[in-house]
Amino acid sequence: MRAVRAAETAPTLHPWLVHAEKLRVRAGRHLAVDGLDLTLTAGVHGVLGPNGAGKTTLMRALSTVVKPAGGSLTLLGAPVDGRADLREVRRQLGYLPQQFGFYPRFTIREFVAYMAWLKEMPKAAVPDAVQRAIDRVGLTGKADARMKTLSGGMLRRAGIAQAVVNDPRLLLLDEPTVGLDPEQRLEFRDLLRDLAAESCVLVSTHLVEDVVAACTDVLLMNEGRLLFQGTPDDLIARGGQSDAGDSPAERGYSALLRRHRSTV
Amino acid sequence: MTHPTTTILARYADGGHGLDDAALWSIEVHLDVCADCRARLAARTTPATAELLDRVAASLDRAIDAGPAPARHPAPAAAVHRRWLAWTLLPWLAVTVAVLGCGVLLDSVEPSLPSLVLLLAPVAPLPGVAVAWSQRIDPAWELIATTPAAGLAMVLRRTLAVLVVVLPALLVAGVSTGTSLALTLLPCLAFTAATLALGAFVGVWRAAIGLALAWSAAVLLPSVVTRSLSPVLQSGSTAVWAVATAALAAIIAPAATRFRRLTSGN
């Protein structure tokens, strides 16, 4: 249970939670996202792509860390450009960066509470929201352990906890399953399905099977562009017996990439 | 709903004999929301009920005494934030205070040199301010940059934490060497304001480094080399420093939104 803000129940006047047109984003000097068109609604969207495809740069642009170099980007109906005041959008954002920086001396509970405070949640709602977020990622028993004592998988889960603490409408998870064991990955997929009911979740990952199992929508990126957007079944249908891969989805993935490379 | 009559309440207090289920429920629903009727009911409890309540209270007290202590109340986030700030800033502030201490020592050992406390005062807060809002030092910067709290208020809060340490240190240094307090503290505030004003455009970290280098090259080194205090720190310039501080602080307010926008360069 949580308090519902007036802004949440107001009718939305925007058809998409995320809308990018000809989006270009720089990573250093390199144009890592180059002319990307993207529309996302509620649900779990899995971003696949080879290393250097621009997945992380796209995530950073959507999380309002970096300014797009060109094109237009609209998050939750609000334009995101150099002039916008992003406060309202950022209140409804959850983000797990690829390199999750944390304070080693903090306990998980303190860190998640600190992030909830930074996300300007009402003070009275913070302790319960923190407990719920920690429970959701399965760290209940470790809530008061210092972060420097945690394993990689636990840190990743603590990162997911801070991302979901404010019940974001737009949740961006960059490689959330790194360091999770198989059982934790299954639990994570359940969590994703749970979150997708009310918000737009974007998960970037290397693991094709994670996407097929937990996502309603698959995005395939290569060289800063969107190659493919469709359901996991669409992805599977693209693969033939002759394509590389151990599962139907992996065959679909490699077929799409191969076809793209042969046309360039 | 209307309040239950006194007779009905008395019957309810006596165990609800003669009231049907529907009547009992509606009384209970009403009692839930009506403090007045709860008070009337409390005045009407039978000795048996009073004794039962006492027994429950006594056994609860016993159970609480025997049970585990209540969980420690978690520190509020603001306190956690202060603690983090203290840990991060401590080494830098320690260095700042140590350098000022050296300045005081040199002033007393080598009176022919211009006052080092005066010359160091403007740049004393800069290391702390640069560290307080820096992508390079704050490990969770990328996370913090995506939160609505990121902005001028946060920069100012962290800057204040720096000044709380640096200003008293300068005050002590100024008093112990007998230099003009206005010429110690005003340049310090002016440079802090300048760092934030410039930082809104190029990033606080870069602004701090740039201003420190400019001050060292234009005033600090020439004064030490020529062994005469630069005119900008002579007693006549107090008013100029005061005006500069006010003007720079006035620039920060309209530039506030820049700290909240994308890539403010930090």
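Lettering of chains follows the sequences in order, A, B, ..., and the numbering in each one begins at 1. Predicted model only: the values in this text are computed from it and were never measured. Only this structure's heavy atoms are used, side chains among them; waters, hydrogens and symmetry mates stay out.
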For B:P148 and A:E120, which heavy atoms make the closest approach, and how far apart are they?
CB-OE1, 3.6 Å
Which atoms of A:Y95 are under 4.5 Å from chain B, going by heavy atoms: the side chain, the backbone, both sets, or neither?
both
Any chance you could measure A:R87, atom CZ, to B:T147, atom OG1, to the nearest 0.5 Å?
10.0 Å
Among residues at least two apart in sequence or on other chains, which ones pass side chain to side chain donor-acceptor pair (under 3.5 Å) with A:R26?
none
Distance-minimising heavy-atom pair for A:G101 and B:A140:
O-CB, 3.6 Å
Hey, what do you get for CD (A:Q98) to CD (B:E142), rounding to the nearest 0.5 Å?
9.5 Å
Quick check for you: to the nearest 0.5 Å, what is the distance between B:T146 atom OG1 and A:L118 atom CG?
9.0 Å
Hey, could you give me the CZ/CG distance between A:F111 and B:L143, rounded to the nearest 0.5 Å?
5.5 Å
Is it true that atom CH2 of B:W215 has more than 12 heavy atoms of other residues, nucleotides or ligands lying nearer than 6.0 Å?
yes
Proximal to chain B - members of residues 145-164 of chain A, heavy-atom separation under 4.5 Å
A:R146, A:Q162
According to ring-ring contact (aromatic ring centres under 6.0 Å, His included), does anything in residues 18-43 of chain A pair up with another residue at least two apart or in another chain? List the pairs.
A:W16-A:H19
If we only count heavy atoms from C-beta on, is the B:P139 to A:Y103 side-chain gap below 4.5 Å?
yes
Looking only at atom types and distance, does a side-chain atom of A:R90 sit under 3.5 Å from a main-chain N or O of B:A145, one as donor and one as acceptor?
yes
What residues of residues 157-167 of chain B sit under 4.5 Å from chain A when only non-hydrogen atoms are counted?
B:R157, B:R158
